[in-house]
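Here is the naming used below: chain letters follow the sequence lines, and residue numbers restart at 1 for every chain. Quick note: numbers below take in every heavy atom, side chains included, and nothing from hydrogens, waters or symmetry partners.
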Amino acid sequence: MSKYNHQAIEKKWQAIWDEKQTFRTSDDRSKPKFFALVEFPYPSGEGLHVGHPRPYTALDVVSRKRRMEGYNVLFPMGWDAFGLPAENYAIKTKIHPSVVTEQNVKRFKQQLQSLGFSFDWSREVDTTDPNYFKWTQWIFLKLFEKNLAYKSEMPINWCPACKIGLANEEVVDGGCERCGAHVETRVKNQWMLKITEYAERLINDLDDVDYIERVKIQQRNWIGRSEGADVTFSIKDTDEKLIVFTTRPDTLFGATYMVISPEHPVLKTLSDRITNLPEIKEYQAEAQKKSEFERAELSQGKTGVKIEGLKAINPVNNEEITIWVSDYVLMSYGTGAIMAVPGHDERDWEFAKTFNLPIIEVVAGGDVDQEAYTQTETGKMVNSGFLNDMDVEQAKKEITKWLEENNLGTPKVNYKLRDWVFSRQRYWGEPIPLVNCEKCGWVPVPVDELPVLLPQVENYEPTDTGESPLANIREWVETTCPTCGGPAERETDTMPQWAGSSWYFMRYTDAHNDEALASKENLDYWLPVDWYNGGMEHTTLHLLYSRFWYKFLYDIGVVSGPEPYQKRTSHGMILGENNEKMSKSRGNVVNPDEVVEEYGADTLRMYEMFIGDFEKSVPWSTDGVRGCKRFLDRVWRLKDMLKPGDEYSSDLEAKMHQTIKKVSSDYEHLKFNTAIAALMTLTNDVYHLGSMNHAEFKTFLILLNPVAPHITEEMWENLNFGGMLNEQNWPRWDEEKTIEQTISIGVQINGRVRGEISVNLDDSQEVAKEKALANENVAKSLEGKTIVKEIYVPGRIYNIVVK
RNA sequence: GCCGGGGUGGCGGAAUGGUAGACGCUACGGACUUAAAAUCCGUUGGGCUAAGCGCCCGUGAGGGUUCAAGUCCCUCUCCCGGCACCA
């Protein structure tokens, strides 16, 4: 009996699959298609981590199953290779990022291949490949052409350590996401993408896709839609107006003052009327020093300054009210000005208490002297003129109607989502393909001149002024205007890492096309992606950005549907054995290479799937890995228990059908752990039985194959079952045959189990009762009692209620 | 604060309202062996126990619905994730 030699077997089959191009996606469009997508990695210098294979194995399992079910499967892989680590390394070593990237990609690829994933490597993409980013630039130019890209002076988050502008999303707890340094506010001229223009569709279209609920919720949350009204307040004795956004127009009679953001333009336009200007300017300066995070952080205790010399008029009652400046009002949301209703808004209430401002109750039901009353379900309008006695919902409708009729306001929807800061002052990214001409302004580089390549440089250090390192390469920057031929300068900002990953899945459909980002036929055949699995950490950024780009490409006719991903699922993290996040600094990193070496790729794959609930975080366990290896050893030894047979034996028939059903369904529902448990149970049954026939073992191998492809192929071949295992059909089950005729059920007395009886499924209640009463222990428990009620659920339970 | 998800043995985790703890790990016992490893067989929630079956308790806490609740309802609590001065 030969021993299970995982190293030899795995090497052998990887070579065979590679040589036969087993998993190369065919052009056979007569078959139904299945596009399985996993997030492509950033090829870091650390190499693969045991967290990587978890989602990859999951969709590899599904892909392998789908192929055996007759689908034409596209399951590709690539590299999200622009990014800071390679650039930081370049700064230190002066080695070009592309050199490091190439090495890392090579290592990653070899590691992935050693795990036996059924990727179609002929479609590999690399975001740093000029043939790829040519099309990233092309998409940007389309966005620019449609006025969805614009340059704007924006207060941005600035990391003084990385010398880079950060998107809001990259700031974590007031620090830089990468280095943790304290983030400051700086004003920079940035390229922005108008994702906000798609906010409504990004929310609404979630109804038409199959994403796990928490992903949808997080996206809705992030976009932050709120309905209300814009209301116009005039400023006394001027022509200026202050427009505010409010979700509670019903409380307008309770607006006792207004607050504007320190950046609000009216402070400039009406500066000559403001009598305490120095005080205001000082407050503005203070506010500017704080990052947005700090402004939020210091929410305990409100600060502000009253604007002397200006009064606003409440449009509903013509009362004069004061206007304040406070940094709790953000210029970046709504209009940068609010009406303050301290009786019914917690922040306004706190501010009013701090500065001793009047509080008026306009919704009865609480005690506005004690706290703001924000309930909207109950409560009647009071002190509100024509709104009195209405409930909140009705009052909202009435006042909005009134505002519209009197030209004082309009219904309005606002979003928390902000436009996407698309510029990075960095070297290692896609150059933004625009040229700035004194005469013509921003001019796109003509499409036939794409891609705009990165110049070779000596020094990758960003400049202290915050310009990209590219700004120092004068011969690259200085160019001619494509429109007028005059002197012009290239944009030196590059794109963020999110750019390349916003459309990579499209490129897989036609990875080598140099006429278009992909042919229309291929896009139409393969898209949308049928199943996309990725990390929860990408829910609000990557997922939203790529949906935005896809919708845009849909609008300009590049793709034929509005949503890129039909289905989205998410996996949990794999933690170190000490239950902490795996990291070099904690010294708890498990290297997959070592696991593959010692236990084999099949064991690693199986363990990754068996480790626990796929959607939850879970600690690594070396003992658990051994358990999976032990199982594969047991599988290997099954061949010594085989006997001939073309049909399932009576001993195992029901078990076989049950297992096929269970495994087939569990693989589809991210329940890999219980699918494997079912295969283990079957194996245990066979060991107890002492034998298994060929028909049974064939089915077993096919069911196990998606998880452990090497050992199953090897055994299939050794046993001369014919052809390659991956070419077989996925087994079917017969629902009727999953049902066992004789089954053991519990007998309960008053809901407590008192015995167990073996019944036939079609036994009548009388027969079952006879069996139950015949049970010694049941009979004992019934002694001296009166039977009140009996419940018999065939195949489940026999419950006798006694007194 | 708001919105999600969750709390089940020593551990990872299973359980369409119907015998809680499948499967794996750990630990222990037995077989095999000169011995060990490996393997195979068994035990492994807690307590009581006359050792014979059995009985009691047990799914974060407390109530409730039901013949029957880990599962449904109410109240509370703790943990994880997201959002958060968003008007």
Side-chain angles (χ1 to χ4, degrees), chain A residues 3 212-222 224-226 228 244-248 251 259 292 295-300 302 326-330 332-341 344-348 350-351 374 414-418 536-537 539-540 572-573 577 579 606-607 610-613 615-628 630-631 633-634 637 671 673-684 687-688 744-757 776-777 780-781 788-802:
Chain A
K3 229 189 130 219
I212 49 173
E213 203 50 33
R214 55 191 172 133
V215 168
K216 287 192 184 184
I217 289 165
Q218 264 181 236
Q219 290 218 347
R220 289 199 188 101
N221 218 326
W222 185 263
R225 182 181 197 274
S226 52
V244 303
F245 172 70
T246 178
T247 54
R248 295 293 305 278
T251 62
V259 187
E292 273 208 29
R295 280 170 63 165
E297 172 82 325
L298 301 171
S299 61
Q300 268 67 1
K302 299 252 181 300
S326 175
D327 61 8
Y328 84 89
V329 174
L330 309 172
S332 49
Y333 182 78
T335 61
I338 61 156
M339 64 176 206
V341 184
H344 305 282
D345 180 283
E346 282 166 29
R347 297 149 300 177
D348 298 344
E350 199 190 330
F351 191 84
T374 55
N414 253 312
Y415 302 93
K416 281 194 259 184
L417 183 73
R418 319 234 171 126
M536 279 310 285
E537 68 274 24
T539 303
T540 48
M573 244 192 314
E577 290 206 76
N579 226 326
M606 167 164 272
Y607 179 61
F610 187 64
I611 188 167
D613 183 337
E615 302 196 69
K616 293 209 192 101
S617 298
V618 62
W620 186 263
S621 155
T622 304
D623 285 332
V625 177
R626 280 194 206 105
C628 288
R630 206 169 297 159
F631 172 68
D633 279 328
R634 275 163 79 78
R637 273 182 251 114
K671 302 269 183 202
N673 52 340
T674 48
I676 292 168
L679 291 169
M680 288 173 166
T681 305
L682 176 58
T683 306
N684 291 343
Y687 267 70
H688 289 129
S744 140
I745 65 166
V747 180
Q748 298 180 331
I749 311 289
N750 287 348
R752 289 168 180 278
V753 181
R754 286 293 180 252
E756 195 175 281
I757 54 171
E776 205 182 314
N777 202 45
K780 210 174 86 187
S781 309
V788 180
K789 191 174 177 183
E790 289 165 69
I791 296 104
Y792 176 49
V793 184
R796 295 276 174 210
I797 204 83
Y798 198 106
N799 191 7
I800 303 170
V801 184
V802 299

Spacing of the C1' atoms in U26(B) and U44(B) (rounded, Å): 10 Å
Parallel, tilted or perpendicular, as decided by the 30° and 60° cut-offs, for the rings of Phe351(A) and Tyr328(A): tilted
Ring geometry between Phe245(A) and Tyr333(A) (parallel below 30°, tilted from 30 to 60°, perpendicular above 60°): perpendicular
Minimum-distance nucleotide (side-chain atoms of [X] versus [options]):
X         : options                : value
Arg634(A) : A20(B), C41(B), G82(B) : C41(B)
Ser744(A) : A87(B), U19(B), G18(B) : U19(B)
Ser781(A) : C55(B), G4(B), U19(B)  : C55(B)
Arg752(A) : C67(B), C56(B), G4(B)  : C56(B)

Examine [N]: is either OP1 or OP2 under 4.0 Å from a nitrogen or oxygen in the side chain of [X]? Give yes or no.
X         : N      : result
Arg637(A) : C40(B) : yes
Arg630(A) : U26(B) : yes
Arg754(A) : C53(B) : no

Please list, pair by pair, any protein nitrogen or oxygen found under 3.5 Å from a nitrogen or oxygen in nucleotides 42-46 of chain B.
| unit_1 | atom_1 | unit_2 | atom_2 | d |
| --- | --- | --- | --- | --- |
| G42(B) | OP2 | His688(A) | NE2 | 3.3 |

Side-chain ion pair, Arg630(A) and Asp633(A), N-O less than 4.0 Å: no
Check: protein-nucleotides 11-17 of chain B nitrogen or oxygen pairs below 3.5 Å:
| unit_1 | atom_1 | unit_2 | atom_2 | d |
| --- | --- | --- | --- | --- |
| G12(B) | O2' | Ile611(A) | O | 2.4 |
| G13(B) | O3' | Asn673(A) | ND2 | 3.4 |
| A14(B) | OP1 | Asn673(A) | ND2 | 3.3 |
| U16(B) | O4 | Arg796(A) | NE | 2.4 |
| U16(B) | O4 | Arg796(A) | NH2 | 2.9 |

Base-pairing string, 5' to 3', of RNA chain B - Watson-Crick or wobble, under 3.5 Å, | interstrand: (((((((..(((.....[....))).(((((.......))))).((((.....))))..(((((..]....))))))))))))....
Check: C83(B) base within 3.5 Å donor-acceptor of Lys416(A) side chain: no
Base of C83(B) paired with side chain of Asn221(A) (donor-acceptor, under 3.5 Å): no
